[in-house]
Amino acid sequence: AYALGAVGLPPEPPISQARLRGRLHTTSRDRSAIEHHYNLSNDFYSLILDPHMAYSCGYWTSTEPGYTVEDAQRDKLDLVCRKLGIEPGGRHLDIGCGWGSLSLHAAERFGAQVVGVTISSEQKAFIDARIRERGLEGRVEIRLQDYREVDSGPYDAVASLEMGEHVGEGNYPTYASVVARSLKPGDAFFAIKGERLDGHQFVAKALETARGAIDTRRLEDRLSGGRVTRFRGNGCRRACCGRAGPGIGSFRHSRAGSC
């Protein structure tokens with residue numbers, strides 16, 4: 001055991017591991033965590049993600065052999081936009097927009113005016129390049145901004161795809177308030193959140209110290225008082241869709257159906 005190193009002090013963490021300081025989920029600590037992981041390089045993430053660069057679950061609508069992950073991501077983005085009721089000219093907010101899969105899709109396919117927020121400079125640079133390539137200037141704006149700083153509503157719809165893992169349970173009230181103040185009563189909110197597995201968040205181990213574990217049901221309760229439709233589908237993780245009701249952090253039940 002000694003020879004194998006199984007006894008004694010634990011080994012030093014690898015140099016690639018984030019060394020974060022400060023209280024969990026402060027704006028500065030979250031920014032450091034995101035920069036460490038998501039600024040690794042856009043070229044790297046292009047190797048492991050589909051052409052949409054969607055870093056969230058897909059929605060499989062076909063079992064045909066030629067149906068690909070790219071197709072499943074497109075169908076997921078279509079599903080989200082339909083459930084949000086996005087219409088041409090409508091204002092859409094994408095909280096935690098990643099590499100812009102939903103922001104670009106909502107503008108290109110549904111005619112939305114989109115604001116996406118991220119705290120990764122690499123992600124913003126990637127999306128800005130795609131905006132120019134696709135001629136979407138004036139229709140998609142990507143801001144290097146923490147979700148807690150968003151104050152540009154009201155919007156007609158808000159989406160937040162697998163963003164909750166970054167929030168931390170202690171910040172659920174703040175997160176819910178940001179969503180609520182960004183919407184008018186009756187407007188739609190859609191979220192997809194990672195599942196828990198045996199009490200632990202099913203996310204990459206390298207990100208757990210930055211994100212913390214997320215209790216999806218408690219977040220839904222914060223957003224809705226327990227009145228948000230929950231639904232699952234082919235390949236989707238837990239999702240919820242609701243409509244803003246009166247009062248901060250209040251969402252009325254929305255019969256979203258199943259994925």
Side-chain angles (χ1 to χ4, degrees), residues 24-35 38-39 55-56 80-81 83-86 89-107 110 112-128 131 136 138-193 210-212 214 219-220 222-224 228 239-251:
L24 191 64
H25 293 303
T26 59
T27 55
S28 60
R29 182 185 170 106
D30 280 355
R31 194 175 299 276
S32 295
I34 294 302
E35 287 176 352
Y38 294 122
N39 286 1
Y55 199 36
S56 57
V80 172
C81 291
K83 289 191 176 295
L84 285 171
I86 291 179
R91 296 190 73 215
H92 169 65
L93 174 64
D94 188 0
I95 300 177
C97 63
W99 287 271
S101 59
L102 179 61
S103 294
L104 297 170
H105 192 84
F110 289 81
Q113 294 287 327
V114 182
V115 171
V117 296
T118 176
I119 54 176
S120 165
S121 57
E122 285 291 301
Q123 288 181 338
K124 174 174 165 51
F126 180 89
I127 308 170
D128 285 345
I131 290 171
L136 294 174
R139 294 172 59 190
V140 181
E141 177 190 356
I142 303 302
R143 299 175 182 172
L144 199 60
Q145 184 178 49
D146 188 279
Y147 75 91
R148 285 160 284 201
E149 300 166 353
V150 172
D151 191 19
S152 52
Y155 291 88
D156 299 302
V158 175
S160 188
L161 306 187
E162 299 198 18
M163 166 66 184
E165 295 92 327
H166 294 285
V167 171
E169 187 173 320
N171 284 340
Y172 287 175
T174 300
Y175 179 67
S177 294
V178 169
V179 172
R181 76 184 183 214
S182 299
L183 291 169
K184 301 185 298 291
D187 290 344
F189 168 67
F190 187 102
I192 297 176
K193 301 177 295 302
R211 296 180 175 181
I214 179 174
L219 175 57
E220 289 163 4
R222 286 288 190 184
L223 290 172
S224 68
V228 167
C240 66
C241 183
R243 293 191 176 274
I248 296 298
S250 173
F251 286 80

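Nearest heavy atoms, Phe110 versus Ile86: CB-CG2, 3.7 Å. Here the closest non-hydrogen pair linking Gln123 and Gly98 is CB-O, 3.3 Å. The minimum heavy-atom distance linking Gly89 with Gln113 is given by the pair O-CG, 4.1 Å. The shortest heavy-atom contact between Val158 and Ser182 is CG2-CB, 4.1 Å. Of all the heavy atoms in Arg181 and Val150, the pair that sits closest is NH2-O, 2.5 Å.
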Task: side-chain hydrogen bond (donor to acceptor under 3.5 Å, both in side chains) assessment of Tyr147 paired with Ser160 - done: CA-CA 10 Å; Tyr147 75 91; Ser160 188; over 6 Å; no

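Remark: Thr27 pairs with no residue by the side chain to side chain donor-acceptor pair (under 3.5 Å) rule, at least two apart or across chains. Every residue was checked against the ring-ring contact (aromatic ring centres under 6.0 Å, His included) condition with Tyr155, not counting sequence neighbours, and none meets it. With sequence neighbours excluded, no residue forms a side chain to side chain donor-acceptor pair (under 3.5 Å) with Gln145. Take His105 and apply the side chain to side chain donor-acceptor pair (under 3.5 Å) test, not counting sequence neighbours, and it matches Asp78. The side chain to side chain donor-acceptor pair (under 3.5 Å) check on Asn39 picks up Ser120, Ser121, with sequence neighbours excluded. With sequence neighbours left out, Ser101 forms a side-chain contact (heavy atoms from CB on, under 4.5 Å) with His52, Ala54, Leu77.
Results of the side chain to side chain donor-acceptor pair (under 3.5 Å) test with His25 over Thr174, Asn171, Asp30 single out Asp30 as the only residue that passes.
Here CD1 of Ile95 is found 7.0 Å from CE of Met163. Values are rounded to the nearest 0.5 Å. Here OG of Ser103 is found 8.5 Å from CG of Leu93. Values are rounded to the nearest 0.5 Å. Distance check: Leu136 CG to Glu141 CD gives 13.5 Å after rounding to the nearest 0.5 Å. With values rounded to the nearest 0.5 angstrom, Ile119 atom CD1 is found 7.5 Å from Glu35 atom CD. With values rounded to the nearest 0.5 angstrom, Ile142 atom CD1 is found 7.0 Å from Asp94 atom CG.
Counting heavy atoms from C-beta outward, Cys81 and Leu102 have side chains that approach closer than 4.5 Å. Using a 4.5 Å heavy-atom cutoff, the side chains of Thr118 and Tyr38 are not in contact.
Under the 3.5 Å distance criterion, the side-chain polar atoms of Asp156 are matched with a main-chain donor or acceptor of Arg91.
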